Amino acid sequence: MTAQTTQDVLALDPAAQDLLFRDARTANTFTDELISDEQFQAIYDLVKWAPTSMNTQPMRVVLVRSPEARERLVTHMSDGNKPKTATAPLVAIFAADTEFHEHLPTVFPHYPGAKDIFAADETRGPVARFNAAIQLGYFILGIRAAGLAAGPMAGFDATAINKEFFGDGKQEVVAVVNIGRPGPDAWFPRNPRLDYDQVVTTV
C-alpha cells in the first residue's frame, strides 16, 4: 500500500491547506489597505462555531481604530512591537472575560446548573484564559482564511493594558494582534518545526 500524504488524508482542499498553514506566515509589515468592520465580522461569524469547553466562549475583542486609542495601546507595547502596532491597518486586543459564566444559561442551556459551577472567582480565571487562547488560535486561522495576515504579539505590559482598556477588572488581555494584507518584507525566515516523532508518542 502506498503511504498516504497529508494532502491525501485531509478533506480540506490542498490550496486551502496552504492558505491556512503551509504558506501562511506571521506578518511583520502590512500594506495600508484598511480592514473594514464587515470583514472582521465575517471572520468572527466563521470562527465562532469552533469549540470551547462547555461552550464558554470567553474571548472578547477590542478593535483599536481611533488614533487616540492606538497611541494609548502603543505606549504599553514592547519596544520591538511598537512600530508594527503603530502602523498596522487594524489592531485587535484579544481578551478573556472572567465573567463568561453569566452567559452560560444562554450558550449552555441544557445544563441549568452550569453557571453555578463557576460561582467562585478563582475557578473562572484559568478557564477563561485557556479557552480564550484557544479561540485566539481559531481567529488567526480565520484571518488567514479571509486572505489576510495576522501578527499576534505577547510583548506588552499586560497590567497596563488591562487598566487602560479593561478598567472594570473583568477582562484580561491575552494577545494583541495586528491584521492586514502583508506588506514589503513582511516575513522573517521560516523557523523549523518539530518532526512528528519528536511530538507524538503512542501508549
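Values in this document were obtained by computation on a predicted structure and should not be read as measured data.
Note that OH of Tyr44 and CG of Asp37 are 15.0 Å apart. Values are rounded to the nearest 0.5 Å. Atom CG in Leu104 sits 7.0 Å away from atom OG1 in Thr56 (nearest 0.5 Å). To the nearest 0.5 Å, atoms CG (Asn162) and CG (Asp157) are separated by 9.0 Å. Note that the CG atom of Asn178 and the CG atom of Asn28 stand 9.0 Å from one another [nearest 0.5 Å]. One finds the CD1 atom of Ile117 at 8.0 Å from the CZ atom of Phe108 (value rounded to the nearest 0.5 Å). In this structure, OG1 in Thr26 is found 7.0 Å from CD1 in Ile140, a value given to the nearest 0.5 Å.
Residues satisfying the ring pair (Phe, Tyr, Trp, His ring centres under 6.0 Å) test with Phe40, not counting sequence neighbours, are Phe139. Every residue meeting the ring pair (Phe, Tyr, Trp, His ring centres under 6.0 Å) condition with Phe118, not counting sequence neighbours, appears here in chain and number order: Phe100.
Within a 6.0 Å radius of CG in Asp168, other residues, nucleotides and ligands contribute more than 12 heavy atoms. Dense packing is recorded around CZ of Phe165, with more than 12 heavy atoms of other residues, nucleotides or ligands lying under 6.0 Å away. No more than 12 heavy atoms of other residues, nucleotides or ligands lie within 6.0 Å of NZ in Lys163, so this atom counts as exposed by the packing criterion. More than 12 heavy atoms of other shown residues, nucleotides or ligands fall within 6.0 angstrom of atom CD in Glu102.
In summary, the side chains of Glu164 and His76 do present a donor paired with an acceptor at a separation below 3.5 Å, with no hydrogens or angles considered.
Leu136 pairs with exactly one of Val174, Val61, Asn131 by the side-chain contact (heavy atoms from CB on, under 4.5 Å) rule, that one being Val174.
Val91 and Ile161 fall within a single hydrophobic cluster, where Ile, Leu, Val, Met, Phe, Trp and Tyr side chains are chained together by heavy-atom contacts under 4.5 Å. Note: the hydrophobic cluster containing Leu63 also contains Phe94 (ILVMFWY, side chain heavy atoms under 4.5 Å, direct or indirect links). Residues Leu90 and Leu148 fall within the same hydrophobic cluster, defined by Ile, Leu, Val, Met, Phe, Trp and Tyr side chains chained together at heavy-atom separations under 4.5 Å. Residues Ile43 and Ile179 fall within the same hydrophobic cluster, defined by Ile, Leu, Val, Met, Phe, Trp and Tyr side chains chained together at heavy-atom separations under 4.5 Å. Note on Met153 and Leu73: same hydrophobic cluster, where clusters join Ile, Leu, Val, Met, Phe, Trp and Tyr whose side-chain heavy atoms are under 4.5 Å apart, directly or indirectly.
For the pair Val64/Val176, no side-chain contact is recorded, criterion being any heavy-atom separation below 4.5 Å from C-beta on. Residues Val62 and Val173 are not in side-chain contact: their nearest non-hydrogen atoms beyond the backbone lie 4.5 Å or more apart. Side chains of Phe21 and Leu141 form a contact here, defined as non-hydrogen atoms less than 4.5 Å apart. Looking at Val47 and Gln135, their side chains never come closer than 4.5 Å, going by heavy atoms from C-beta outward. No side-chain heavy atom of Thr29 sits under 4.5 Å from any side-chain heavy atom of Lys84.
Under a 3.5 Å cut-off, the side chain of Glu33 and the backbone N or O of Gly180 do not form any donor-acceptor pair. Listed for the Arg144 side chain is no donor-acceptor partner under 3.5 Å among the backbone atoms of Leu19. Between the side chain of Arg70 and the backbone N or O of Thr85 there is at least one donor-acceptor pair closer than 3.5 Å. Distance alone, capped at 3.5 Å, is enough to place a donor-acceptor pair between the Arg181 side chain and the Gly147 backbone. Judged by distance alone, with hydrogens and angles left aside, the side-chain atoms of Tyr138 form no donor-acceptor pair with the main-chain N or O of Trp49 at under 3.5 Å. A distance-only check finds no donor-acceptor pair linking the side chain of Gln171 to the backbone of Phe166 [under 3.5 Å]. At least one donor-acceptor pair closer than 3.5 Å links the side chain of Thr52 to the backbone N or O of Gln57. Checking side-chain atoms of Lys82 against main-chain N and O of Met77 turns up a donor-acceptor pair under 3.5 Å.
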Review item, side-chain donor-acceptor pairs of residues 191-203, under 3.5 Å, at least two apart:
residue	atom	partner	partner atom	Å
Arg193	NH1	Asn191	O	2.9
Gln198	OE1	Asp195	N	2.8

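For the pair Ala88 and Phe30, the tightest heavy-atom approach, listed with the atom from each and the gap, is CB-CD1, 4.0 Å. In this structure, Leu12 and Gln17 approach most closely via the heavy-atom pair O-NE2, 2.6 Å. In plain terms, the two heavy atoms of Ala132 and Ala95 that are nearest each other are CB-O, 4.0 Å. Contact detail for Thr98 and His101: the closest heavy-atom pair is O-ND1, 4.2 Å. Gly155 and Asn81 make their closest contact through O-ND2, 3.2 Å (heavy atoms, listed as atom of the first residue, atom of the second, distance).
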Inset, instruction - Report the C-alpha separation of Glu99 and Lys170 in whole Å, then their side-chain angles, then the decisive distance to 0.1 Å, and conclude whether the salt bridge (Lys or Arg N to Asp or Glu O under 4.0 Å) test is met. - result: CA-CA 6 Å; Glu99 298 289 319; Lys170 296 179 180 179; 5.3 Å; no

